[in-house]
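Lettering follows sequence order; numbering is per chain, from 1.
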2 protein chains.
Amino acid sequence: MPSEQPPASQEPASQEPTAQATIVDVALRAGVSVATVSRALRNYPNVASATRDRVLQAAGELSYVADTNASRLASGRSNTIGVLAPILTSWYTGEVIAGVEEVLRDAELDLLISTRGLVDRRDAFEVASAFRQRVDGMILVDAYFHDEGARMNRAGIPTVVVGEHMAAVPSLSIDDRLGGEMATRHLLELGHRRVGLIGGLITPDVVSAVLDRRLAGFHAALAAGRLRRDRSLIAEGNFTIEGGRRAARQLLANDNPPTAIFCLSDEMAFGAIQAARELGLSIPRDLSLIGFDDHPVAEAIGLSTIRQPVRDMGRVAARLVADIIDGHEPVSRHLPQAIALVARSSTAAPSR
Amino acid sequence: MPSEQPPASQEPASQEPTAQATIVDVALRAGVSVATVSRALRNYPNVASATRDRVLQAAGELSYVADTNASRLASGRSNTIGVLAPILTSWYTGEVIAGVEEVLRDAELDLLISTRGLVDRRDAFEVASAFRQRVDGMILVDAYFHDEGARMNRAGIPTVVVGEHMAAVPSLSIDDRLGGEMATRHLLELGHRRVGLIGGLITPDVVSAVLDRRLAGFHAALAAGRLRRDRSLIAEGNFTIEGGRRAARQLLANDNPPTAIFCLSDEMAFGAIQAARELGLSIPRDLSLIGFDDHPVAEAIGLSTIRQPVRDMGRVAARLVADIIDGHEPVSRHLPQAIALVARSSTAAPSR
DNA sequence: TTGTAGGCGTTATCAT
DNA sequence: ATGATAACGCCTACAA
């Protein structure tokens with residue numbers, strides 16, 4: 001029951017709101033100052049509840065939303081977390097981001113994403129420095145950026161690294177060496193004596209600790225099984241399906257080809273499966289294959305693998321930065337993540 | 001060779017820059033006004049090149065970067081494109097985002113990402129309205145948000161939809177009906193007479209035009225082959241691997257099971273492959289399978305499919321919004337995308 | 001070509 | 001509990 005017609009200026013005839021209402025509009029309508037509006041809307045304790053109600057109502061009627069940029073400029077907080085990753089299209093990166101997004105959504109934080117090739121590390125610096133002023137915290141996927149991680153932290157922007165264990169930066173990662181060992185041991189226990197490995201240096205000049213550690217585990221398991229290292233049983237797979245395919249063809253073209261191959265990622269294993277099919281080899285009869293990750297497709301096609309909780313890692317990383325931003329010092333600098341061997345139908349005893 | 005010690009205030013002893021330089025600092029150092037700095041840094045034409053050089057140098061020395069929020073507040077532009085998608089972890093969404101990111105990186109635009117379940121369409125409204133003031137343009141993945149798309153456009157925020165053909169909003173999509181027909185016809189031409197379909201309504205109350213169209217193509221092909229519709233040959237797969245698996249088990253438990261199945265996404269086909277393996281069925285001997293998408297794993301495991309250029313669609317969408325923002329009216333409201341049948345080893349003539 | 005100064009919409013400090 | 005008002009850092013007429 002409209003007791004009085006409001007001033008004409010208040011409600012324009014057209015359906016579409018001509019311009020966004022500002023805090024002044026709300027203040028006017030609620031009959032309070034802008035400061036009070038600001039406080040009421042952000043649930044400050046020192047606001048009379050009657051006042052708060054009036055403000056809320058006015059804001060609702062005007063469908064007012066505080067301008068992000070103005071608020072960020074004034075408060076110095078961006079309410080945004082940045083994610084920097086080498087590539088977006090790997091399953092790994094996708095899962096991390098999904099986990100992060102899940103948490104940020106609940107925390108009402110924005111998610112800003114950027115990619116930078118592994119090659120251009122210099123680029124990464126620029127991105128990070130551009131990020132510096134528009135994020136309150138950062139998550140670095142993989143460690144290609146770890147220099148930046150330390151730098152960002154020193155610059156006061158909480159940054160955590162996912163996928164590498166680092167001294168200078170809070171990080172969460174699995175025990176890659178153990179993973180390499182578990183996978184290899186599984187093959188040895190099945191009776192394999194010639195075990196190949198498909199790894200993946202993206203570029204010659206990028207040294208990845210992850211690969212080194214998995215490789216170290218591989219070698220450790222071989223040594224424990226009294227097997228000698230054989231360089232001809234190792235090939236680069238570039239962490240892609242196609243790379244895995246090429247690497248597998250290379251290994252299988254060997255005079256004395258492996259009876260089992262450990263692929264450092266499931267995606268490379270998919271490529272190896274393709275290669276086997278093309279060569280008319282049957283899995284696991286002619287060739288055993290084990291991957292790394294537990295990609296959902298691995299379960300579908302029965303690929304044995306080492307499972308790591310990637311989505312979880314994204315979640316945990318997001319909570320960690322959010323907490324640090326809120327002033328809680330991280331309980332520990334490093335959060336180790338559990339892995340598990342998942343034996344499926346792609347691994348079996350060798351037939352010869 | 002340090003000829004002179006610079007004034008102490010200029011270079012603090014500590015390594016880390018205490019605070020970000022502002023435009024005033026640059027102006028002071030270059031001996032010009034802030035307005036000139038602003039112009040020089042943004043490559044305005046009306047700046048003497050000597051002046052510009054001095055400004056650039058000063059900015060470089062101070063490693064100055066304009067504050068994003070301040071500049072956005074003042075200019076009213078966010079230089080950000082928002083992407084809203086139902087889920088982040090599907091291959092499809094990942095590819096779209098990767099394509100978008102590629103273009104935005106070159107265009108120096110930020111990428112803001114948000115997800116909203118298909119179920120909470122109301123939520124989508126809120127997100128979109130929250131996005132309104134922090135993006136210059138939007139890309140909607142799938143059409144669950146198409147109402148919002150129209151609304152955003154009316155509100156002056158250029159918005160395009162990827163994956164659905166829409167009247168009210170610029171969009172790019174494939175001919176889903178044709179795709180459904182091509183896949184089905186392929187199976188019929190191989191001689192199959194009992195063809196199943198695994199589709200995927202995410203929730204009962206979401207009506208997806210994509211599914212409807214592919215289904216229509218399926219039915220059209222059946223009719224052309226003089227085959228009758230059979231509701232018992234259609235199952236929901238939820239667009240996930242696990243959903244595909246369940247749906248396949250359901251179809252194959254039929255009294256008179258299909259000899260071929262058309263899956264509306266490759267991921268559902270992966271699940272169907274799993275189901276077949278679990279049931280001891282060999283592909284393609286006992287069961288032919290065709291998917292939709294051309295997921296990279298499809299090639300690896302030899303899955304026949306309908307290929308669509310998803311990454312490209314992301315690229316095109318991003319260029320489209322960027323262009324519209326720059327004032328270029330879109331050449332056309334809808335950009336059709338090409339698809340192709342890719343026949344691999346998962347489809348063959350029925351053995352019975 | 002360059003400088004001056006008034007916004008942009010909030011937040012936060014200091015009174016009251 | 002509430003109100004003025006000065007930042008926040010940049011952009012952009014308008015002047016010179």
Side-chain angles (χ1 to χ4, degrees), chain A residues 17-56 58-59 62-80 108 110 130 132-136 156, chain B residues 17-56 58-59 62-80 110 129-130 132-136 156:
Chain A
T18 313
Q20 276 295 333
T22 79
I23 198 172
V24 178
D25 300 324
V26 180
L28 251 42
R29 189 173 191 111
V32 296
S33 74
V34 293
T36 301
V37 173
S38 179
R39 286 189 285 249
L41 257 29
R42 282 179 304 151
N43 284 317
Y44 272 42
N46 50 345
V47 175
S49 66
T51 312
R52 187 191 309 286
D53 289 347
R54 256 187 305 144
V55 171
L56 253 40
L62 297 170
S63 55
Y64 165 78
V65 186
D67 180 274
T68 322
N69 297 122
S71 135
R72 287 177 183 179
L73 175 58
S75 69
R77 293 197 49 178
S78 68
N79 279 101
T80 301
E108 307 214 299
D110 277 355
R132 192 166 311 190
Q133 37 146 229
R134 67 189 81 174
V135 302
D136 288 340
Chain B
T18 312
Q20 277 295 331
T22 79
I23 198 171
V24 177
D25 301 323
V26 180
L28 251 40
R29 189 174 191 111
V32 296
S33 74
V34 293
T36 302
V37 173
S38 177
R39 287 188 284 249
L41 257 28
R42 282 178 305 148
N43 284 316
Y44 272 44
N46 51 345
V47 177
S49 67
T51 311
R52 185 190 311 285
D53 290 347
R54 258 187 304 144
V55 171
L56 253 40
L62 297 170
S63 55
Y64 166 78
V65 187
D67 180 276
T68 322
N69 297 123
S71 97
R72 287 176 183 177
L73 175 59
S75 69
R77 292 196 49 176
S78 68
N79 279 100
T80 301
D110 278 355
S129 92
R132 191 167 310 191
Q133 39 149 226
R134 67 189 83 175
V135 302
D136 289 339

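The phosphate of dA12(C) has OP1 or OP2 within less than 4.0 Å of a side-chain N or O from Arg42(A). In this model, the phosphate group of dT2(C) is approached by a side-chain N or O of Thr51(B) to a distance below 4.0 Å at OP1 or OP2. For the pair Ser75(A) and dT10(C), the criterion of a side-chain N or O lying under 4.0 Å from OP1 or OP2 is not met. Contact check, Ser71(A) against dG9(C): no side-chain N or O comes under 4.0 Å of OP1 or OP2. Taking only side-chain nitrogens and oxygens, Ser38(A) comes nearer than 4.0 Å to OP1 or OP2 of dT11(C). For the pair Ser33(A) and dG3(D), the criterion of a side-chain N or O lying under 4.0 Å from OP1 or OP2 is met.
Ranking dC8(C), dA4(D), dT10(C) by closeness to the Ala35(A) side chain, first place goes to dA4(D). Each of dT2(D), dG9(D), dG3(C) was ranked by its minimum atom distance to the side chain of Ala48(A); first place goes to dT2(D). Closest to the side chain of Tyr64(B), out of dC10(D), dG3(D), dA5(C), is dC10(D). Closest contact between the side chain of Asp67(B) and the listed nucleotides dG9(D), dT10(C), dG3(C) involves dG9(D).
With contacts defined as side-chain heavy-atom distances shorter than 4.5 Å, the pair Thr80(B)/Arg134(B) does not qualify.
Look at CG on Asp25(B): it is 13 Å from C1' on dC10(D), rounded to the nearest Å. Whole-Å rounding puts the Asn69(B) CG to dC8(C) P distance at 18 Å. Atom C1' of nucleotide dT1(C) and atom OH of Tyr44(B) are separated by 15 Å, given to the nearest angstrom. Put simply, CD1 on Ile23(B) is 12 Å from P on dG3(C), counting in whole angstrom units. Counting to the nearest Å, the P atom of dC11(D) and the CG atom of Leu73(A) are 12 Å from each other. Rounded to an integer number of Å, the gap from Arg54(B) CZ to dT2(C) C1' is 11 Å. Between the CG atom of Asn43(A) and the P atom of dT11(C) there is a distance of 13 Å, rounded to whole Å. Per the geometry, CG belonging to Leu62(B) stands 12 Å off P belonging to dC10(D), to the nearest Å.
The residue Ala66(B) sits close only to the backbone: its heavy atoms come under 4.0 Å of sugar-phosphate atoms, none of a base. Base contact: Asn46(B) has a heavy atom under 4.0 Å from a base atom.
Donor-acceptor pairing under 3.5 Å, judged by distance alone, is absent between the side chain of Arg72(B) and the base of dG9(D).
Formation of a donor-acceptor pair under 3.5 Å by the Asn69(A) side chain with backbone atoms of Asn69(B) is not found in this model. With Asp25(A) contributing its side chain and Thr22(A) its backbone, the two residues share a donor-acceptor pair below 3.5 Å.
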*side chain to side chain contact (heavy atoms under 4.5 Å, CB included) between Asp67(A) and Gln20(A): does it pass, once the steps are laid out?*
CA-CA 9 Å; Asp67(A) 180 274; Gln20(A) 276 295 333; over 6 Å; no
*Determine, step by step, whether Arg42(A) and Ser38(A) satisfy the side chain to side chain donor-acceptor pair (under 3.5 Å) criterion, reporting the C-alpha distance in whole Å, the side-chain angles of both residues, the deciding distance to 0.1 Å, and the verdict.*
CA-CA 6 Å; Arg42(A) 282 179 304 151; Ser38(A) 179; 2.9 Å; yes
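Comparing Ala74(B) and Gly31(B) along DNA chain C, the residue whose closest nucleotide (by nearest heavy atom) sits nearer the 5' end is Gly31(B).
Smallest separation of non-hydrogen atoms from Ala30(A) and Val55(A): CB-CA, 4.0 Å.
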